[in-house]
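The next block holds one structure in the form of structure tokens; read it before the comments.
When reading the values below, keep in mind they use all heavy atoms of this one structure, side chains included, and skip hydrogens, waters and symmetry mates. Order of appearance sets the numbers: ligands from 1, and atoms from 1 within every ligand. None of the values given here were measured: they were computed from a predicted structure.
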Amino acid sequence: MAEALRVGIAGLGTVGASVVRVITEKAAELTRQCGRELVVTGVAARDRSRDRGIDLGGATWFDDPVGLARSADIDVFVELIGGDEGPAFACVKAALEAGRHVVTANKALLAKHGVALAEIAEKKGVLLNYEAAVAGGIPVIKTMREAMAGNSVSRVFGILNGTCNYILTRMEAEGLTFEACLKDAQRLGYAEADPTFDIEGNDTAHKLSILTSLAFGTKIAADDIYMEGISNISQADIRAAGELGYRIKLLGVAQKTESGIEQRVHPTMVPTASVIAQVHGVTNAVAIETDILGELLLSGPGAGGNATASAVVGDIADIAKSRPGFQHGPVFGRPAKELRPYKKAQMRSHEGGYFIRLTVHDRVGVFAAVAKRMADNDISLESIVQHAAGPEAEVQKTVILVTHETTEAAVRKAVEGITKDGHLTDKAQVIRIERAG
Ligand code: HSE
């Protein structure tokens with residue numbers, strides 16, 4: 001049997017502890033599958049005294065993750081620290097430069113430094129694996145990088161943040177408040193260290209930027225992503241969506257358009273009958289549309305210790321099985337040096353349907369004024385619903401408009417006009433509708 005693969009793990013939080021547990025508990029099966037043992041020979045974390053409920057066996061403890069990354073006693077360095085700079089960046093770079101394979105679950109790091117790190121890995125001839133960085137346990141990186149050769153992708157989109165999907169699902173199903181659902185997501189270990197990264201869309205954007213690069217062969221450009229989170233989604237939106245045959249999901253979407261590549265993260269109305277609308281709780285889903293394959297939808301657990309550990313251990317096992325000349329190819333599907341800059345499509349040119357919820361004074365002429373602003377901007381309406389609005393029902397009404405396909409620029413102009421007309425009692429709510437099968 002080949003020599004054991006020596007694994008160094010930096011970061012022993014929810015995911016790190018789960019990875020150690022899986023490697024220990026599944027040792028016999030992993031050895032059979034990989035043809036060699038996986039042995040954790042080194043670990044690094046902040047607090048040595050903390051009881052994590054795991055057996056660290058004979059692993060050497062490092063206070064400094066860079067020391068572990070450079071250690072001659074590891075073959076693969078697993079980064080589970082998190083963060084796009086600081087120790088995570090320093091130790092991944094150090095490990096690659098020292099010729100160690102790297103496995104990371106760190107989407108923020110890859111969104112910022114992925115291409116530069118891929119260049120080092122490719123120069124050194126080592127693997128940089130990151131399955132766990134996007135959509136938790138779903139093997140979407142493998143699928144896009146290895147199983148779709150020759151396909152031209154036109155759109156990739158999905159539910160990429162388990163915390164947001166968990167919150168939206170429970171708000172809809174149980175009528176709970178946003179805050180209560182977020183607390184539970186944190187308790188269950190789904191949320192980021194800073195949960196604003198989940199709810200404001202940054203985490204989805206980091207993951208989307210990686211999928212965009214794999215889909216279109218472009219440089220990673222997370223800062224270009226248009227981003228809106230879910231913190232202003234109310235029970236009123238969720239109820240109105242349901243009445244009109246939609247469900248609200250936070251989607252990341254990357255799409256080829258006539259004006260360039262659109263990358264956007266925002267709450268989205270998807271038809272209740274669509275497959276993606278049936279993706280509930282912490283589950284993630286990624287839809288990939290290509291010329292050869294048509295539409296592929298992958299779904300599965302998107303966050304949490306075990307789901308993420310499954311992807312991390314899969315990446316480590318790939319390294320254990322790899323032989324020189326039998327690797328999975330470049331880190332982002334094309335050699336890092338050949339990833340192209342791309343033409344960014346402006347959000348104003350986005351085309352699609354829109355849901356617009358207006359809370360208006362209950363007085364003569366409001367409806368006509370709203371309809372006029374829509375017509376003035378060439379916006380054709382698919383439906384209009386009006387009902388009483390909350391405790392102020394005597395004096396204000398809710399008007400919900402669903403538009404046919406139009407442009408973001410037209411909608412923004414129409415809403416600006418409606419706001420100026422002075423009929424609104426609250427800020428207009430605009431949610432984009434996404435075509436989904
Ligand atoms: N906070 C992330 C989520 C963890 O909720 O999806 C997985 O990346």
Output a table of donor-acceptor pairs, distance under 3.5 Å, between side-chain atoms of residues 12-23 and any protein atom two or more places apart or on a different chain; print 'none' if there are none.
residue : atom : partner : partner atom : Å
S18     : OG   : T14     : O            : 2.9

For this session: Please report the C-alpha distance between D224 and Y342 in whole Å, then the side-chain angles of each, then the deciding distance to 0.1 Å, and finally whether the side-chain hydrogen bond (donor to acceptor under 3.5 Å, both in side chains) criterion is met.
Result: CA-CA 10 Å; D224 279 356; Y342 77 109; 2.9 Å; yes
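- Taking 4.0 Å as the cut-off between side-chain N and carboxylate O, E97 and K93 count as a salt-bridged pair.
- Ion pairing between E29 and R32 holds under the 4.0 Å rule for side-chain N and carboxylate O.
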What short N/O contacts, under 3.5 Å, does ligand 1 make with the protein, listed by atom pair and distance?
residue  : atom  : partner : partner atom : Å
ligand 1 : 1 (N) : Y190    : O            : 2.7
ligand 1 : 1 (N) : E192    : OE2          : 2.6
ligand 1 : 1 (N) : D198    : OD1          : 2.7
ligand 1 : 5 (O) : N161    : ND2          : 3.4
ligand 1 : 5 (O) : G162    : N            : 3.4
ligand 1 : 5 (O) : T163    : N            : 2.9
ligand 1 : 5 (O) : T163    : OG1          : 2.6
ligand 1 : 5 (O) : Y190    : O            : 3.1
ligand 1 : 5 (O) : D198    : OD1          : 3.4
ligand 1 : 6 (O) : G162    : N            : 2.7
ligand 1 : 6 (O) : K207    : NZ           : 3.3
ligand 1 : 8 (O) : K107    : NZ           : 2.6
ligand 1 : 8 (O) : K207    : NZ           : 2.8

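- Ring centroid separation for the pair F332 and F216 does not come in under the 6.0 Å cut-off.
- Using a 4.0 Å cut-off between a side-chain N of Lys or Arg and a carboxylate O of Asp or Glu, K112 and D223 do not qualify as a salt bridge.
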